[in-house]
Participant: 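Submitted below is the structure of interest, expressed as structure tokens.
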Protein chains: 2
Amino acid sequence: MELDERKLKILQAIIRTYLDTGEPVGSRTISKYSDLKLSSATIRNEMADLEEMGYILQPHTSAGRIPSDKGYRLYVDTMLEAKESEVNSLREEIEEKAGKLDDVLKQVAKFLAKNTNYATMVSAPRYQTKHVKFIQITSVDPEHLLVVIVLDNNIVKNKMIRVDAEVEEEMIVKLNFILNTTLNGLDLVEINLVLIQKIKEQMGAYGAVIDSVLDVIGKTLVDEEDPEIYTSGATNILKYPELSDKSKAAEIIGAFEDKETFHSWLGLPDREMNSDTHDIQVYIGDENHVDSMKDCSMVTATYQIEEGVYGKIGIVGPKRMDYDKVVGTLNSLMGQLDDIFKEK
Amino acid sequence: MELDERKLKILQAIIRTYLDTGEPVGSRTISKYSDLKLSSATIRNEMADLEEMGYILQPHTSAGRIPSDKGYRLYVDTMLEAKESEVNSLREEIEEKAGKLDDVLKQVAKFLAKNTNYATMVSAPRYQTKHVKFIQITSVDPEHLLVVIVLDNNIVKNKMIRVDAEVEEEMIVKLNFILNTTLNGLDLVEINLVLIQKIKEQMGAYGAVIDSVLDVIGKTLVDEEDPEIYTSGATNILKYPELSDKSKAAEIIGAFEDKETFHSWLGLPDREMNSDTHDIQVYIGDENHVDSMKDCSMVTATYQIEEGVYGKIGIVGPKRMDYDKVVGTLNSLMGQLDDIFKEK
DNA sequence: TGTTAGCACTCAACTTAATGGAGTGCTAAT
DNA sequence: ATTAGCACTCCATTAAGTTGAGTGCTAACA
């Protein structure tokens, strides 16, 4: 059977209506609503075909039809209208909270949740390559050394370490020199035991301090592997009856709470992305790789802070989410984010 | 009417049973359950009295009784058994994740939520007095200066600032010297325009850099005002039918998401606390100052990291929460936290 | 005088049956 | 190819009945 123009139009009408109401939609509704001048009987025939083809389904005999995952998929792939959304306010909202990236991302999550009425999450960028650019150790007071590490992407980490006895100024200078010359430009895997041993030898009695320092460096580099995720509007899920069933809702909202969940699949763009399109992806129902999301749809987009530094944004809602609006908002948002990051 | 021993025992039995089942409890149940050897009829008489006194109430005629807020209050104040809970695992669980305070607190929130099956939040400590202890400026690369600020509680903050032209080594040394001698020991309000002007004069052409640096300092000190709050187990709320009504649940879980909510009332201990008791407080129903929590109970405790540095822990659940267990767990937890912080 | 057995009464919760209506599939007419 | 018409299905809603846990009251009892 072929999916001709008319069938497509009817399918589109069905999905549109369903997105609106969340109720199964019947032939009569379509007959009246859509601009095709067809009787309900004709629509019924077409619907039967569409059902056979797997684009729509009936919750039970004598009910209207609802889109299947396959139907949604077709809709998203071919029928989205590129409606330009007006997301102008965001820019100002974000910029007044200037400051750190964390804050910006938190704002973005909040903004999206508020605007779309779905649940959102934003992953902080994951830096692919991390090399030590600069290390500095300072004596803050007799009992504490401060270790500051700058990575080659200008991320700064610091940690206090406690020492038993004051370390002489002279030793600190030496320590700084050795660490910087030895470790500069290296990444985590390149700092191996041989190297560590070599440094320790040079420092003689202060070998113990070295251990602490290297420990900090190790933690720092590993730490970066683990990007922060900001979420907002998880309770929006409760607004959609088809998801607000107690056990489902708990599972979904729980997933938002336990941010670990997202790491695996929100982590990195699957493939080299075209930085113009922002790689907006839609996952419908079973297309989600996580069980707890199989009754939801999720739209993700990738943003870029600088060369090789990506983060992701995800929006989770019911399968009947307003894809038009979400994709539009996301698109417009990405553009503004680009601008913001370019300025920095 | 007087609240004699027997009435108290009956009330206690009622509350215990209700905490268990969540169902209104009838006279017959009590007559069988409790060790007082009384017939249901007698219990009924006493119940009528207890109701008149306001300790229990009937959802409707011909239903059993449930505790009123006043009843819970009496129970909590006088009838809690000091059951020692076995919270031994926590210590290890936390310590292997050693590291930063943030991580510890996150762990604590998670641990509590998992153990109690209620929703929990932990506020990071708020430092009352913040003075600059140490400032260090370093040239990381020709375009970037790194500003590191250590506060007197050993909190470290850092920020990169971009400069148009490389700053000479000599100037940086001078800058460090001036900043440290001038600002050491001062807090935010003490750094005023007069002082700023004075510093600028000394730095001559590098006045602009000073601005950036002071900006960072300002942001750092203000930032600390705003304590982080870690939450966990918000979805546990959905486990209790009396709270999992859609609108209620959304309100409560939403409150957990929007952490701002808690600042006002989770902020600081109300009064000078006895560091032994950890100031465990129970708020029942309307006793909560926040509307969205009026159907819940909340137990809070205060922990101390060092002299004058407090944080709070809160557990939110249904009014029929297992106060015994919560207070016990909290108590035991606080002890362990004390130990952990003492070590540091 | 405090306790208890007994009984009539109440009321939410559950069960069952009846009704209505939205929607379908099929057939025959256009 | 399209449509009007009709019989059929099945969910949702309502109404009526049934059940059972629980109460309050009274009268008997120790």
Side-chain angles (χ1 to χ4, degrees), chain A residues 1-11 13-15 17-18 20-68 71 241-242 245, chain B residues 1-11 13-18 20-68 71 241-242 244-245:
Chain A
M1 192 167 333
E2 216 213 328
L3 191 67
D4 57 18
E5 178 97 9
R6 198 174 71 176
K7 282 189 173 52
L8 213 69
K9 275 202 163 168
I10 292 174
L11 177 56
I14 293 172
I15 296 183
T17 319
Y18 184 70
D20 240 36
T21 64
E23 305 269 289
V25 4
S27 54
R28 201 141 169 282
T29 316
I30 298 301
S31 157
K32 278 190 294 181
Y33 162 92
S34 78
D35 39 1
L36 325 116
K37 296 274 176 258
L38 293 173
S39 79
S40 61
T42 315
I43 304 285
R44 275 202 290 286
N45 289 328
E46 296 289 42
M47 276 173 144
D49 292 350
L50 283 170
E51 181 165 7
E52 199 185 326
M53 287 187 270
Y55 292 109
I56 54 180
L57 36 86
Q58 247 180 326
H60 56 86
T61 353
S62 92
R65 307 304 215 288
I66 62 175
S68 68
E242 65 266 48
D245 161 81
Chain B
M1 195 166 332
E2 216 211 329
L3 190 69
D4 57 18
E5 178 97 10
R6 199 174 69 176
K7 282 191 173 51
L8 213 68
K9 276 201 162 169
I10 291 174
L11 177 57
I14 293 172
I15 297 184
R16 285 261 163 73
T17 318
Y18 184 70
D20 240 34
T21 63
E23 305 268 288
V25 5
S27 53
R28 200 140 169 282
T29 316
I30 298 301
S31 157
K32 279 189 294 182
Y33 162 93
S34 79
D35 40 0
L36 327 116
K37 297 273 176 258
L38 291 174
S39 79
S40 62
T42 314
I43 304 286
R44 275 204 290 286
N45 288 330
E46 296 289 43
M47 277 173 145
D49 291 351
L50 283 169
E51 180 164 7
E52 199 186 327
M53 286 187 271
Y55 291 110
I56 54 181
L57 35 86
Q58 248 179 325
H60 57 86
T61 352
S62 92
R65 307 303 218 285
I66 63 175
S68 67
E242 65 266 49
S244 66
D245 161 80

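Any value given below was found using the heavy atoms of this structure, including those in side chains, with hydrogens, waters and symmetry copies removed. Sequence lines set the chain letters: A, B, ... in the order given, protein chains first and strands last, and positions in each chain run from 1.
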Participant: Taking the side chain from A:Ser31 and the backbone from A:Ser27, do they hold a donor-acceptor pair closer than 3.5 Å?
Facilitator: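 Not at all, since once roles are kept as given, no pair shorter than 3.5 Å links the two residues.
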
Participant: May I ask you to check whether over 12 heavy atoms, not counting those of B:Lys9, lie within 6.0 Å of atom NZ?
Facilitator: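 No.
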
Participant: In whole angstrom, give the distance that lies between atom CZ of B:Arg65 and atom P of C:dC11.
Facilitator: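 Taking atom P of C:dC11 as the reference, CZ of B:Arg65 is at 14 Å.
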
Participant: Does B:Thr42 have a side-chain nitrogen or oxygen under 4.0 Å from the phosphate oxygens OP1 or OP2 of C:dT4?
Facilitator: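 For C:dT4, OP1 or OP2 has a side-chain N or O of B:Thr42 closer than 4.0 Å.
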
Participant: Less than 4.5 Å apart, any side-chain heavy atom of A:Tyr55 and any of A:Lys7?
Facilitator: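 Heavy-atom side-chain distance check fails, nothing below 4.5 Å.
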
Participant: Quick one: which of B:Glu51, B:Glu52, B:Glu23, B:Glu46 gives a salt bridge (Lys or Arg N to Asp or Glu O under 4.0 Å) with B:Arg65?
Facilitator: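 Single pass found, and it is B:Glu51.
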
Participant: Rounded to the Å, how far apart are B:Asp49 CG and D:dT23 C1'?
Facilitator: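 About 14 Å, once rounded to whole Å.
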
Participant: Which letter, B, S or -, goes with each nucleotide of nucleotides 5-18 of chain D from 5' to 3', with contact meaning a protein heavy atom under 4.0 Å?
Facilitator: B---BBS-------

Participant: Drop me the distance from A:Ile10's CD1 to A:Leu36's CG, to the nearest 0.5 angstrom.
Facilitator: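 With rounding to 0.5 Å, CD1 (A:Ile10) is 6.0 Å from CG (A:Leu36).
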
Participant: With the side chain of B:Ala48 defined as its heavy atoms from C-beta on, choose the nearest nucleotide among D:dG24, C:dT3, D:dT3.
Facilitator: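 Nearest to the side-chain atoms of B:Ala48, counting from C-beta on, is D:dG24.
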
Participant: If only atom types and distance count, is the side chain of A:Gln58 paired as donor or acceptor with the main-chain N or O of A:Ala63 below 3.5 Å?
Facilitator: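 Side chain of A:Gln58 to backbone of A:Ala63: a pair is present.
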
Participant: For the CG atom of B:Leu11 and the CE atom of B:Met47, what is their distance to the nearest 0.5 Å?
Facilitator: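 Nearest 0.5 Å value for the CG-CE distance: 9.5 Å.
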
Participant: Report the distance from atom OG1 of A:Thr17 to atom CD1 of A:Ile66, rounding to the nearest 0.5 Å.
Facilitator: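 Answer for the OG1-CD1 pair, A:Thr17 versus A:Ile66, is 13.5 Å.
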
Participant: When the distance from CD of B:Glu46 to P of D:dG24 is rounded to whole Å, what number comes out?
Facilitator: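 That distance rounds to 12 Å.
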
Participant: Atom CD1 of B:Ile14 to atom P of D:dG22: distance rounded to whole Å?
Facilitator: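 Answer to the nearest Å: 12 Å.
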
Participant: In Å, rounded to the nearest 0.5 Å, how long is the span from CG of B:Leu8 to CD of B:Glu2?
Facilitator: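 Here the interatomic distance stands at 10.5 Å.
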
Participant: Rounded to the nearest 0.5 Å, what's the gap from CD1 on B:Ile14 to CD1 on B:Ile43? Could you check?
Facilitator: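 Atom-to-atom, B:Ile14:CD1 and B:Ile43:CD1 are 8.0 Å apart.
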
Participant: Could you tell me how far apart B:Lys37 (NZ) and C:dA5 (P) are, to the nearest whole angstrom?
Facilitator: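 Spelled out: NZ on B:Lys37 to P on C:dA5 is 14 Å.
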
Participant: For B:Ile66 and D:dG22, what is the distance between atoms CD1 and C1' respectively, to the nearest whole Å?
Facilitator: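 Roughly 14 Å, once rounded to whole Å.
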
Participant: Using a strict heavy-atom distance below 4.0 Å, which residues from residues 20-30 of chain A are in contact with DNA chain C?
Facilitator: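 Those residues are A:Gly26, A:Ser27.
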
Participant: How many whole angstroms separate atom CZ of A:Arg6 from atom P of D:dA1?
Facilitator: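 To the nearest whole Å, that distance equals 10 Å.
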
Participant: Evaluate the side-chain proximity of A:Ile15 to A:Val25: yes if any heavy-atom separation is below 4.5 Å, no if none is.
Facilitator: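 Sidechains of A:Ile15 and A:Val25: no contact.
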
Participant: Just the rounded figure in Å: distance from C1' of C:dG23 to CG of A:Asn45.
Facilitator: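 Interatomic distance, CG of A:Asn45 to C1' of C:dG23: 14 Å.
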
Participant: How bent is the helix from C:dT1-D:dA30 to C:dT30-D:dA1, measuring the angle between the end axes built from five pairs each, rounded to 10°?
Facilitator: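 Computed angle between terminal axes is 20°.
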
